[in-house]
Amino acid sequence: MSIKSIAAKLFARKIYKQTLRWAKKPVETQQKVFKNLIENAQNTKFGKDHHFNQIKTFEDFQKLVPVRDYEDLKPYVDKVVKGEADVLWKGKPLYFAKTSGTTSGAKFIPLTKESMPYHIEAARNAILHYIHETGNADFVDGKMIFLQGSPILTEKYGIKFGRLSGIVAHFVPKYLQKNRMPSWETNCIEDWETKVDAIVDETIKEDMSVISGIPSWVQMYFERLQQKSGGKKISEIFKNFNLFIYGGVNYEPYRAKFEQMIGKKVDSIELFPASEGFFAYQDSQKEKGMLLLLNSGIFYEFIKADEFFNENPKVYTIGEVEVGVNYVLIISTNAGLWRYNIGDTVQFTSLAPYRVIVSGRIKHYISAFGEHVIANEVENAMKEAVSSTNIVINEFTVAPQITPASGLPYHEWLIEFEKEPENMEAFAETIDNSMRKQNIYYDDLITGNVLRKVVITKVSKNGFQNYMKSQGKLGGQNKIPRLSNDRRIADNLTK
């Protein structure tokens, strides 16, 4: 065992003990975060506009500050982008993470000197928790790759702009610099396909022990590695590769394909990072869900997803949530986001400690007929349909077909198969039965002959990649929505 791996184990034990201290006092921890946020932002423009000096309790906060999405917060963000200080948080942010997805185009999410360290610490601590639980630290001596956006940043009014993954690349600890790949020059390549080919050339003869990225784009990297190596399994190319770190999407739909490509099972760590904050990471290989980070400068509130669009939905704090309920995540942060709806929905898998899974997006659902289908349900159905079979899928998405050429409307599952089921009808039946068990509204619609059972549409090889490329969203942090309430993606895929 190397000195580096021994040091990693000792550090992992220290971080584990630190985590236990705040995780055992969740309500008290969140109260401290809340108090700190309000005190630090009292003299900002936002704080004065919303009478932060009068806020003593959560109830005061909820009365004086409405829940917002990006569009509602944009007038304040625009002032900061133009160089104004003390608007959402004291001073100016260090960075703006540029993301897409709003009606007005790009989003600019502030990162401050107070918030930035938590992004770095959370990613580090996820690995340290893995080391502490498993005792496996040998991988620290191998090479590590993080598939991410370009680290090239622009600057305006003393604030730097870039993609979150590119910003984070500037904060890689010195002790990882020699192990980290790809090179800076390769990481700066903007075109994703060119970049992946360059990464393959750089890494194919290296001792890669840790690989990290969004599963769909890591899959593309693995495919290129296999093409370059003459079809070798990833475990043959990288004999010491034993840890996959991912975030952004559920890994389960990809697991069978990955294990086939890798040639063996490897451990994995799930992360829940976003430009708005690093919210959770998988702290245990044995327990379901990710540890919600309650001491990281973020105050959490939760609204039940099926009540979110009501006029005055009830808002819950950490001590009031329940296991298995679908909640919209509302955050207030030390980067100046206040009662901000990030759009993600979560479900708690444990309350001691508080662990969550990401169940979907509040805007990514199917409810064309009142069925309220969410991402977690379709992913569970797909997992059930492929388990204990030799079926392998590359990617899939689901959309409603409201006006079919004939027959009843239906949910269309658009799937890119690596290995198709021998009996497509039985495969569709398994998916449909799983959906009916999970979602009573969907079951009622099938029973009442409002909908017919799911219809499977095969997508050609690389169809999803080609669609993302046509939208200018190939690679990086971009990902296919698991489901949509309209036909925009489905119709593009079936052209």
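Between the CG atom in N376 and the CD1 atom in I357 there is a gap of 4.0 Å [rounded to 0.5 Å]. Here CG of N390 is found 9.5 Å from CD of Q260. Values are rounded to the nearest 0.5 Å. Residue F396 holds its CZ atom at 9.0 Å from CG of L483, rounded to the nearest 0.5 Å. The structure places CD of Q227 at 8.5 Å from CG of D197, a figure rounded to the nearest 0.5 Å. Separating the NZ atom in K286 from the OG1 atom in T134 is a distance of 9.5 Å, to the nearest 0.5 Å. The distance from atom CD1 of I480 to atom CD of E416, rounded to the nearest 0.5 Å, is 10.0 Å.
Residue-environment remark: NZ (K461) exceeds the threshold of 12 foreign heavy atoms within 6.0 Å. Annotation for K233: atom NZ counts as buried by contact number, over 12 foreign heavy atoms lying within 6.0 Å. By the neighbour-count criterion of 12 heavy atoms within 6.0 Å, atom CD1 of I440 is sparsely surrounded, having that number or fewer from other residues, nucleotides or ligands.
Among the candidates R436, K437, Q438, the single residue satisfying the side chain to side chain donor-acceptor pair (under 3.5 Å) test with S434 is Q438. Of the residues listed (D344, T99, I331), the one engaging E276 in a side-chain contact (heavy atoms from CB on, under 4.5 Å) is I331, and it is the only one. Screening Y118, F272, Y354 against F279 for a ring-ring contact (aromatic ring centres under 6.0 Å, His included) leaves a single residue, F272. When each of V325, N326, L292 is paired with F348, the side-chain contact (heavy atoms from CB on, under 4.5 Å) condition holds for L292 and for no other.
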From CA spacing to verdict: side-chain hydrogen bond (donor to acceptor under 3.5 Å, both in side chains), Y221, T203
CA-CA 11 Å; Y221 167 58; T203 59; 2.7 Å; yes

Derivation and outcome, ring pair (Phe, Tyr, Trp, His ring centres under 6.0 Å), residues F258 and F222
CA-CA 9 Å; F258 267 58; F222 284 171; 5.5 Å; yes

Could you give me the CA-CA distance, side-chain angles and deciding distance for N341 and D69, then say whether side-chain hydrogen bond (donor to acceptor under 3.5 Å, both in side chains) is met?
CA-CA 5 Å; N341 169 24; D69 59 17; 5.7 Å; no

Evaluate V168 against I120 for side chain to side chain contact (heavy atoms under 4.5 Å, CB included), listing each step before the verdict.
CA-CA 7 Å; V168 170; I120 311 306; 4.0 Å; yes

Go through the steps for T317 and E320 under the test side-chain hydrogen bond (donor to acceptor under 3.5 Å, both in side chains), then give the verdict.
CA-CA 6 Å; T317 52; E320 302 169 309; 3.1 Å; yes

Walk me through it: do F108 and F161 pass the test ring pair (Phe, Tyr, Trp, His ring centres under 6.0 Å)?
CA-CA 8 Å; F108 297 97; F161 292 70; 5.7 Å; yes

Apply the test salt bridge (charged side-chain N to carboxylate O under 4.0 Å, His left out) to residues K314 and E307: give CA-CA distance (whole Å), side-chain angles for both, the deciding distance (0.1 Å), then the verdict.
CA-CA 8 Å; K314 180 174 172 54; E307 298 176 0; over 6 Å; no

Between R482 and E379, does a salt bridge (charged side-chain N to carboxylate O under 4.0 Å, His left out) hold up when you go through it step by step?
CA-CA 8 Å; R482 191 56 76 214; E379 286 175 339; 3.3 Å; yes

Chi angles and distances behind the side-chain hydrogen bond (donor to acceptor under 3.5 Å, both in side chains) call for S284, R355
CA-CA 10 Å; S284 173; R355 292 193 180 98; 4.9 Å; no

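Salt bridge present: E429 and K453 bring a charged side-chain N and a carboxylate O closer than 4.0 Å. For K257 and E223, the salt-bridge test passes: some basic side-chain N is under 4.0 Å from an acidic carboxylate O. Classification of E412 and R487 as a salt-bridged pair holds, one side-chain N sitting under 4.0 Å from a carboxylate O. At a threshold of 4.0 Å, the pair K228-D201 counts as salt-bridged, since one of the basic side-chain nitrogens sits closer than that to a carboxylate oxygen.
Using a 4.5 Å cut-off on side-chain heavy atoms (C-beta onward), I298 and L293 make no contact. Between I446 and M435, the closest side-chain pair of non-hydrogen atoms is not below 4.5 Å. Looking at I211 and V218, their side chains come closer than 4.5 Å, going by heavy atoms from C-beta outward. In this structure the side chain of L329 reaches within 4.5 angstrom of the side chain of Y300, judged on heavy atoms. Looking at H170 and P151, their side chains come closer than 4.5 Å, going by heavy atoms from C-beta outward. With a 4.5 Å cut-off on side-chain heavy atoms, L351 and V323 count as touching. Residues Y70 and Y340 have side chains in contact (heavy-atom distance under 4.5 Å, counting atoms from C-beta outward).
In this structure, the side chain of Q465 does not engage the main chain of N462 through any donor-acceptor pair within 3.5 Å. In this structure, the side chain of S460 does not engage the main chain of G463 through any donor-acceptor pair within 3.5 Å. No donor-acceptor distance shorter than 3.5 angstrom exists from the side chain of S484 to the backbone of D486, with no hydrogens or angles considered. The backbone N or O of Y442 lies less than 3.5 Å from no partner atom in the side chain of E371, so there is not a single donor-acceptor pair. Under a 3.5 Å cut-off, the side chain of N439 and the backbone N or O of Y441 do form a donor-acceptor pair. A donor-acceptor contact shorter than 3.5 Å is absent between the side chain of N240 and the backbone of S209. No donor-acceptor distance shorter than 3.5 angstrom exists from the side chain of S275 to the backbone of I109, with no hydrogens or angles considered.
Both tests do not hold together for K469 against Y467: distance to the six-membered ring centre under 6.0 Å, angle to the ring axis within 45°. For the pair R180 and F146, the cation-pi criterion (under 6.0 Å, within 45° of the ring axis) is not fulfilled.
Annotation for Y254 and N394: closest pair CE2-O, 3.3 Å, computed over non-hydrogen atoms. Across all their heavy atoms, I204 and F238 have their closest contact at O-CE2, 4.0 Å. Scanning all heavy atoms of the two residues, the minimum distance from A368 to N485 falls at N-OD1, 3.3 Å. In terms of heavy atoms, S115 sits closest to A335 at OG-CB, 3.7 Å. Here the shortest heavy-atom pairing between S268 and Q282 reads O-OE1, 3.5 Å.
No close placement of the F171 and H119 rings is indicated, their centers lying 6.0 Å or farther apart. Remark: aromatic rings of F417 and F427 are close, center separation under 6.0 Å. Between Y251 and F244, the ring center distance clears the sub-6.0 Å criterion.
Aromatic ring orientation, F278 versus Y281: perpendicular (interplanar angle above 60°, classes split at 30° and 60°). Between Y327 and Y316, the ring planes lie perpendicular to each other; the angle is over 60°, past the 30° to 60° tilted range. Using a 30° and 60° split on the angle between ring planes, H129 and Y16 fall in the perpendicular class, above 60°.
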